[in-house]
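I have placed the structure first, in the form of structure tokens, so that the comments after it can refer back to it.
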Amino acid sequence: MNTFSFAHYSRVAYYRLWKPRVWRLFAHNRVTNIPLASFSNSKPLFFNAEDQAALAQAISKALSPEDMYIQADNAVNHRFAFFTETLREHGENINWQKDHASERDYANGEALKPAHELDFMQSEHGSDVKYAWELSRCQWFTWLGTAHLLDVHNKRYAQAFERDVRSWIAENPLGMGINWTMPMEVAIRASNWILAHSFFHASSVLSDEFWQAFTRSLWQHGKFLSYNLEYVRNNANHFISNAMGLVIIGAFFYHRRTGRRWLRTGKRFLEREILQQFTKDGVNYEKSTAYHRFVVEMLTLSSLCAERVQSPFSNKFYERLSAATGYMAAYMRPDGSAPMVGDADNGRVFRFIASEDFNNHLPVMLLSAVHCKRPQYISGFAPARQVFTAENIVLNKQFEQHNSNTSTNIISTKTLTFIPETHFIQSGYIVHKTEDTHLFIDAGDYGMNGWGGHGHNDCLSFEFWLRGQTIFTDSGTGAYTSNNALRNELRSTKAHNTVMVGRKEQVEWLESSLWRIKHDDLDPSVLELRSGKQGSAHTFYLLAEHSAYKQRFGVQHRRGIRFNGTGESGELVVIDELIPFEQAMIGIGGTAYFHLPPEVIPHQTAETIVTLQTNKLVLSVTAKSPLTVERCRISRFYGDVRESWRLSVECSLDARSEVRVRW
């Protein structure tokens, strides 16, 4: 999708070399020393004081007020669960330079260094810079703000907000320390501060002097972003986050000329990037469902904020965003969960629910579907009123419709409907789903035009979901820089439901990078695809192949997947064979892997038979050759690693493998 030219590389040099140098030599000191008196409390961007009563009423109906108070009280006391399910104490005075999981202090107790001098990619004793960054995204300000709306007479939530803002500003001077090393983090933090401003701007607890300091810091965030954009050869989610930051900060400061310029610049970037990073059928080229969801959130928030100041994006932008939302509606299961395709790092711009399931993409899909006026995407998941998520109530201003108990013109009142088969031709993804079954298959390239990025070695891998339970799963991500071995293990061919030939990876990675690949030789193709219905049973058949092993072993991997049945009973058949070329290596073989989530327990009853059991399902797995059951590791979300099981069966030039799953 990207075509590189002299002009493109000139822009890379301008944004990555020239502008940051100008920032360090000239602009940094000038922006640091801008007088406090130059700022005052600004007009709220997301909602105003007149909206707050109706907003509080809608939130109290749609969500549990008790849960809202619990998460806010935890935030007041600095108890957070980042990259874990267990709350962790962060002390009365937060150390913003610290990874509180590994206890690494990126300042080493010394004076802060300029951000560009810090080497944050090197892990020490399992440290992960993402922890410090996650803390400084300040997403818990929304939890404080929600509780403040529900109980405006309780001053402690506004006081906690003021305490933490003042602490952050004091401990993170502009451009100094770990929290200024990544412009993406600057953009997400500023966005959360601006949302928090809508919650607290009318509070009598907060003084004019506080809002001056708050607004000046936001202005400095905008200035920093404008000089330090992550513009690279293959732009991806980081650059989109930068552009989102310019749009949202620009909209907040729209009353100023510089703010309007930031907005225009951010919009121009996003108008171009959405066409380059998303295929026409709506798939993000990083080839990760989690990052697709993350980027759709960024684009939707950018569009919402631009419309707040009567500066909407173009029709082409909305069309591509609508297509990206449609892809989400296709890959999500009826319960809102998503297949774990490619990397996942729990990325969010806003977090309204502290304990949210990171693998549930429904809130963002609904947010974008309502914004893009696409009711057909909503109808396959829930009754009409489930559109009233926290995101839609606050950001899409759905609180008026919620409180009046009427449906808007965008909320579908249809019964659940499903498009049985969807083939995203440009990306190679295939989805087949019914009310009770969901099959997602990756028959596409690695991603990012051969660059690598957040894709995995998962060509011809699949995930299968049955009656609310994932049966065969991707292995997830687990970690990036904190554990290189785990990172490579979980993105490997062996960690996916596909065939590994000759114990070699489908695509080889660059040793110097956790995200780059040497080259993409997959060349996948779909040979046959059909679906239909026989009585009440749904039928589906796919035949596809890839050529990743052609140069090394002289073979192609060809896979057939056949589904026949309903949620109550049916059969899934997976057939793998190695197709030889003239130069095929004699005796070469492969192993087909099938990964189970921890709640699916295998019981081997014979050499070729394994029973799978969950708390409500029993399935039988049979093969024509011996099945092996072994332990493996699975990651549900970034930071999580747990023991699970996988099945495997051998295939060769002389014998194809055939695995049948019945329920």
Side-chain angles (χ1 to χ4, degrees), residues 42 44-47 68 71-72 74-76 78 80-82 90 94 96 130-149 157-158 160-169 171-172 178-180 182-201 203 206 210-211 213-222 224-225 237-238 240-253 262 266 294-295 297-302 304-305 308 345-354 356 358 363-364 367 390-391 393-395:
S42 297
L45 180 61
F46 289 98
F47 55 87
M68 297 300 99
Q71 66 183 27
N74 283 330
V76 169
H78 294 160
F80 307 115
F82 297 135
H90 290 69
I94 291 178
W96 300 97
K130 285 178 62 61
Y131 198 105
W133 289 344
E134 195 78 10
L135 183 63
S136 276
R137 288 182 175 183
C138 300
Q139 291 164 326
W140 77 84
F141 287 177
T142 299
W143 312 338
L144 295 174
T146 304
H148 172 72
L149 282 192
Y157 302 118
F161 169 66
E162 178 183 12
R163 172 199 64 192
D164 292 338
V165 168
R166 289 189 184 277
S167 170
W168 196 95
I169 293 173
E171 300 298 325
N172 294 274
I178 199 66
N179 293 310
W180 294 97
M182 189 66 70
M184 168 184 256
E185 302 306 317
V186 176
I188 293 176
R189 177 169 57 252
S191 300
N192 277 278
W193 283 29
I194 290 170
L195 176 59
H197 176 264
S198 291
F199 283 106
F200 290 109
H201 75 279
S203 172
L206 304 174
F210 166 77
W211 286 121
F214 175 90
T215 308
R216 180 175 67 174
S217 183
L218 275 177
W219 180 264
Q220 292 170 335
H221 278 64
F224 179 91
L225 265 183
N237 66 88
H238 277 243
I240 284 185
S241 75
N242 301 169
M244 173 203 72
L246 289 176
V247 169
I248 295 179
I249 300 172
F252 184 75
F253 287 107
W262 289 339
F294 193 21
V295 174
E297 181 187 10
M298 296 179 198
L299 295 169
T300 305
L301 292 175
S302 300
L304 281 165
C305 291
R308 289 286 196 276
D345 75 341
N346 308 353
R348 300 288 189 270
V349 180
F350 296 148
R351 286 182 63 186
F352 286 86
I353 308 298
E356 71 172 307
F358 288 108
V364 163
L367 177 73
E391 288 81 354
I393 290 172
V394 175
L395 304 175

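Quantities reported herein were computed from a predicted structural model and do not represent experimental measurements. Numbers here simply count residues along the sequence, with the first being 1.
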Exercise. side-chain contact (heavy atoms from CB on, under 4.5 Å) between V165 and F210: does it pass, once the steps are laid out?
Worked result: CA-CA 9 Å; V165 168; F210 166 77; 3.7 Å; yes
Problem set entry | Separation of M182 CE from N242 CG (nearest 0.5 Å) | 9.5 Å
Exercise. Between the side chain of S217 and the main-chain N/O of F214, is any donor-acceptor distance below 3.5 Å?
Worked result: no
Exercise. Which is it for I94 and E171 under the side-chain contact (heavy atoms from CB on, under 4.5 Å) test, yes or no, and what are the steps along the way?
Worked result: CA-CA 9 Å; I94 291 178; E171 300 298 325; over 6 Å; no
Exercise. What are the two closest heavy atoms between S191 and V349, and how far apart are they?
Worked result: CB-CG1, 4.2 Å
For this session: Measure the spacing between CZ of R137 and CG of N179 and express it to the nearest 0.5 Å.
Result: 11.0 Å
Exercise. Under a 4.5 Å cut-off applied to non-hydrogen side-chain atoms, are M68 and L149 in contact?
Worked result: no
For this session: Give me the one residue out of F252, F47, F141 that meets ring-ring contact (aromatic ring centres under 6.0 Å, His included) with H197.
Result: F252
Exercise. Would T142 and V394 count as a side-chain contact (heavy atoms from CB on, under 4.5 Å) if you check the C-alpha gap in whole Å, the side-chain angles of each, and the deciding distance to 0.1 Å?
Worked result: CA-CA 11 Å; T142 299; V394 175; over 6 Å; no
For this session: Could you tell me the separation between the CD atom of Q71 and the CZ atom of F352, rounded to the nearest 0.5 Å?
Result: 10.5 Å
Exercise. Would a 4.5 Å heavy-atom cut-off, applied to side chains only, mark I188 and W133 as touching?
Worked result: no
Problem set entry | Closest non-hydrogen atom pair, A132 against W96 | CB-O, 4.2 Å
Exercise. Can you check ring-ring contact (aromatic ring centres under 6.0 Å, His included) on H148 and F161, steps first, answer last?
Worked result: CA-CA 10 Å; H148 172 72; F161 169 66; 9.2 Å; no
Exercise. Do T215 and F253 touch side chain to side chain, with heavy atoms closer than 4.5 Å?
Worked result: yes
Problem set entry | Euclidean distance, F350 CZ relative to E391 CD, rounded to 0.5 Å | 10.0 Å
Exercise. With a 4.0 Å cut-off, would you call E297 and R348 a salt bridge?
Worked result: no
Exercise. Which distance, rounded to the nearest 0.5 Å, do you find between the CZ of F199 and the CG of L144?
Worked result: 10.0 Å
For this session: Drop me the distance from I194's CD1 to L301's CG, to the nearest 0.5 angstrom.
Result: 11.0 Å
For this session: Kindly give the heavy-atom pair with the smallest separation between R163 and V76, and that separation in Å.
Result: NH2-O, 2.9 Å
Seminar exercise, completed: Of all heavy-atom pairs linking I249 and A190, the shortest is CD1-CB, 3.6 Å
For this session: Could you tell me whether R189 sits above the aromatic face of W180, with NZ or CZ closer than 6.0 angstrom to the six-membered ring centre and within 45 degrees of the axis?
Result: yes
Exercise. Relative to each other, are the rings of W219 and W262 parallel, tilted or perpendicular (30° and 60° limits)?
Worked result: tilted
Problem set entry | Backbone of F46 reached by a side-chain donor or acceptor of S198 within 3.5 Å | yes
Exercise. Is there a side-chain contact (heavy atoms from CB on, under 4.5 Å) between R216 and I169 once you walk through the steps?
Worked result: CA-CA 10 Å; R216 180 175 67 174; I169 293 173; 6.0 Å; no
For this session: For L304 and L395, work out which heavy atoms get closest and say how close.
Result: CD2-O, 3.8 Å
Exercise. What are the two closest non-hydrogen atoms of C305 and I248, and how far apart are they?
Worked result: SG-CG1, 3.8 Å
